[in-house]
Structures are given as structure tokens and as C-alpha cells.
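Position 1 is the first residue of the sequence; numbering continues from there. For clarity, every value in this text was computed on a predicted model and none was experimentally measured.
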Amino acid sequence: MNGLQAYQRVNTQTSITDADPHKLIQLLYNGAIERLNMAKARMQAKDYEGKGKLITKAIEIIGGLRSFLDFEKGGDLALRLESLYDYMERTLFQANAKNDVAKLDEVVDLLRAIKEGWDGIREEAVGSQQQAV
């Protein structure tokens, strides 16, 4: 492992260790988007093995996001997000099978849109977590 990779791994581990639950979700969105962008580059370079691994990792991250859904508190929003995550996973399987850059871009756009909404509620979410403590 080169020095940059070692630094990035330590930096990521530190970010996760120091993160509140809201920040962890932000990191998951960032991780999925980053891996899909890297998968797109691997796809364009015809590195299909690398592309497949990155798309699989993004699917796992989306599955992790799905596992955080609270259907009791989230109600209809949680149900809609679950459907959207399911759609993203299926779209990524298709993108991987067909080497379809447009499908990767579609999922990245969806993830970015959800992340923007999530970023917008940070103060409210962190404030309610602090009150619960």
C-alpha cells in the first residue's frame, strides 16, 4: 500500500470513529457516489473486473443505507426510500451486466439528490440527537 492509500485509509477510519449517526449516513452517500464514479472510469478503461468490484461495493453501501431506515419513525418517507434504494440496486446490476455508463450516472444523480436533502437536515438531526442524550 502506498503512502497516499495509507493516509486515505487512516483518514476514513478517523472520520467514521468521530462521526455522529447523521455524519455516518453522509459518509455512506459519499462512499457510494465515489465508488460509482470510480466504476465509471474503470468501465471506460475496459477494466471490467475493477468496475464489477466497485459497483458491488456501491450496492453493499446502498444496502447499508437501507438497513438504517426506521419504518416506525420514518413512515411513508422510509417506504419511499426503500423503494428507491431497491431501484438503485437493480439499476446497478443492469449497469454492471451491460457496461452502461448512463445507468451509473442515473444512480449517482439519485444518490446526490438524496444526499443534498440529508445534508439540509443536519442541524435538525444533530440537535434532536443531542437532546436525547
Side-chain angles (χ1 to χ4, degrees):
M1 178 182 315
N2 70 32
L4 177 59
Q5 288 174 326
Y7 171 77
Q8 288 172 330
R9 179 163 292 182
V10 168
N11 190 34
T12 299
Q13 290 171 346
T14 302
S15 295
I16 291 169
T17 302
D18 295 340
D20 57 67
H22 187 271
K23 181 68 175 174
L24 285 173
I25 300 296
Q26 287 177 313
L27 290 170
L28 288 172
Y29 283 123
N30 287 338
I33 291 167
E34 180 181 319
R35 277 157 188 82
L36 291 176
N37 285 330
M38 292 183 336
K40 182 177 173 180
R42 296 290 87 221
M43 190 181 288
Q44 292 168 336
K46 301 194 184 320
D47 174 5
Y48 300 117
E49 181 181 348
K51 171 229 29 167
K53 288 179 182 178
L54 289 162
I55 290 174
T56 298
K57 186 62 181 170
I59 291 169
E60 290 171 0
I61 293 170
I62 292 169
L65 287 164
R66 184 189 293 214
S67 73
F68 281 111
L69 293 174
D70 184 337
F71 294 98
E72 194 172 301
K73 292 179 184 175
D76 188 51
L77 178 59
L79 289 171
R80 289 177 187 218
L81 280 171
E82 181 183 44
S83 293
L84 190 54
Y85 291 151
D86 179 64
Y87 173 78
M88 286 187 227
E89 289 172 342
R90 286 184 286 112
T91 301
L92 290 175
F93 280 120
Q94 293 170 0
N96 195 20
K98 297 178 181 180
N99 293 313
D100 190 334
V101 171
K103 289 191 181 295
L104 290 181
D105 288 338
E106 178 185 359
V107 174
V108 167
D109 289 344
L110 290 169
L111 287 167
R112 281 191 180 126
I114 298 169
K115 183 184 178 303
E116 284 176 18
W118 187 253
D119 291 348
I121 64 165
R122 173 140 182 87
E123 286 184 29
E124 178 184 332
V126 173
S128 68
Q129 291 168 2
Q130 290 173 346
Q131 291 173 358
V133 173

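Partners of Arg42 under the salt bridge (charged side-chain N to carboxylate O under 4.0 Å, His left out) rule, at least two apart in sequence or in another chain, are Asp47.
Closest heavy-atom contact between Ile121 and His22: CG1-NE2, 3.9 Å. Of all non-hydrogen atoms in Glu82 and Arg66, the two that sit nearest each other are O-NH2, 4.0 Å. Closest of all the heavy-atom pairs between Ala58 and Ala32 is CB-O, 4.2 Å.
Screening residues 69-78 for salt bridge (charged side-chain N to carboxylate O under 4.0 Å, His left out) gives Asp76-Arg80 as the qualifying pairs, with residues at least two apart or on separate chains.
Looking at heavy atoms from C-beta onward, Ile55 lies in side-chain contact with Lys51 at the 4.5 angstrom threshold. Counting heavy atoms from C-beta on, the side chains of Leu24 and Leu28 never come closer than 4.5 Å. Using a 4.5 Å heavy-atom cutoff, the side chains of Glu116 and Trp118 are not in contact.
One distance of note links CG of Asn37 with NZ of Lys40; it measures 7.0 Å at 0.5 Å rounding. Note that CD of Gln94 is 12.5 Å distant from CD of Glu89, once rounded to the nearest 0.5 Å. Atoms CG and OG1, from Asn96 and Thr91 in turn, are 12.5 Å apart once rounded to the nearest 0.5 Å.
Annotation for Lys57: atom NZ does not count as buried by contact number, only 12 or fewer foreign heavy atoms lying within 6.0 Å.
Under the 30°/60° scheme for interplanar angles, the aromatic rings of Tyr85 and Tyr29 are found to be tilted.
Under a hydrophobic clustering in which Ile, Leu, Val, Met, Phe, Trp and Tyr are joined whenever their side-chain heavy atoms come within less than 4.5 Å, directly or via other members, Leu54 and Leu104 fall into different clusters. By the rule that hydrophobic residues join a cluster once side-chain heavy atoms approach within less than 4.5 Å of another member, Phe93 and Val101 end up as members of one cluster. Val107 and Leu69 fall within a single hydrophobic cluster, where Ile, Leu, Val, Met, Phe, Trp and Tyr are joined by side-chain heavy atoms under 4.5 Å apart, directly or via other members. Under the 4.5 Å side-chain heavy-atom criterion for ILVMFWY residues, no single connected hydrophobic cluster contains both Met38 and Tyr48.
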Legend entry - CA sep, side-chain torsions, deciding dist, call: Leu92, Leu36, side-chain contact (heavy atoms from CB on, under 4.5 Å): CA-CA 9 Å; Leu92 290 175; Leu36 291 176; 3.6 Å; yes
Inset, instruction - Go through the steps to decide whether Gln26 and Asp119 satisfy the test side chain to side chain donor-acceptor pair (under 3.5 Å), and finish with yes or no. - result: CA-CA 7 Å; Gln26 287 177 313; Asp119 291 348; 2.7 Å; yes
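The side chain to side chain contact (heavy atoms under 4.5 Å, CB included) with Arg35 is formed by just one residue from the set Asn30, Ile61, Val108; it is Ile61.
Comment: Lys53 engages Glu49 in a salt bridge, judged by a side-chain N to carboxylate O separation of less than 4.0 angstrom.
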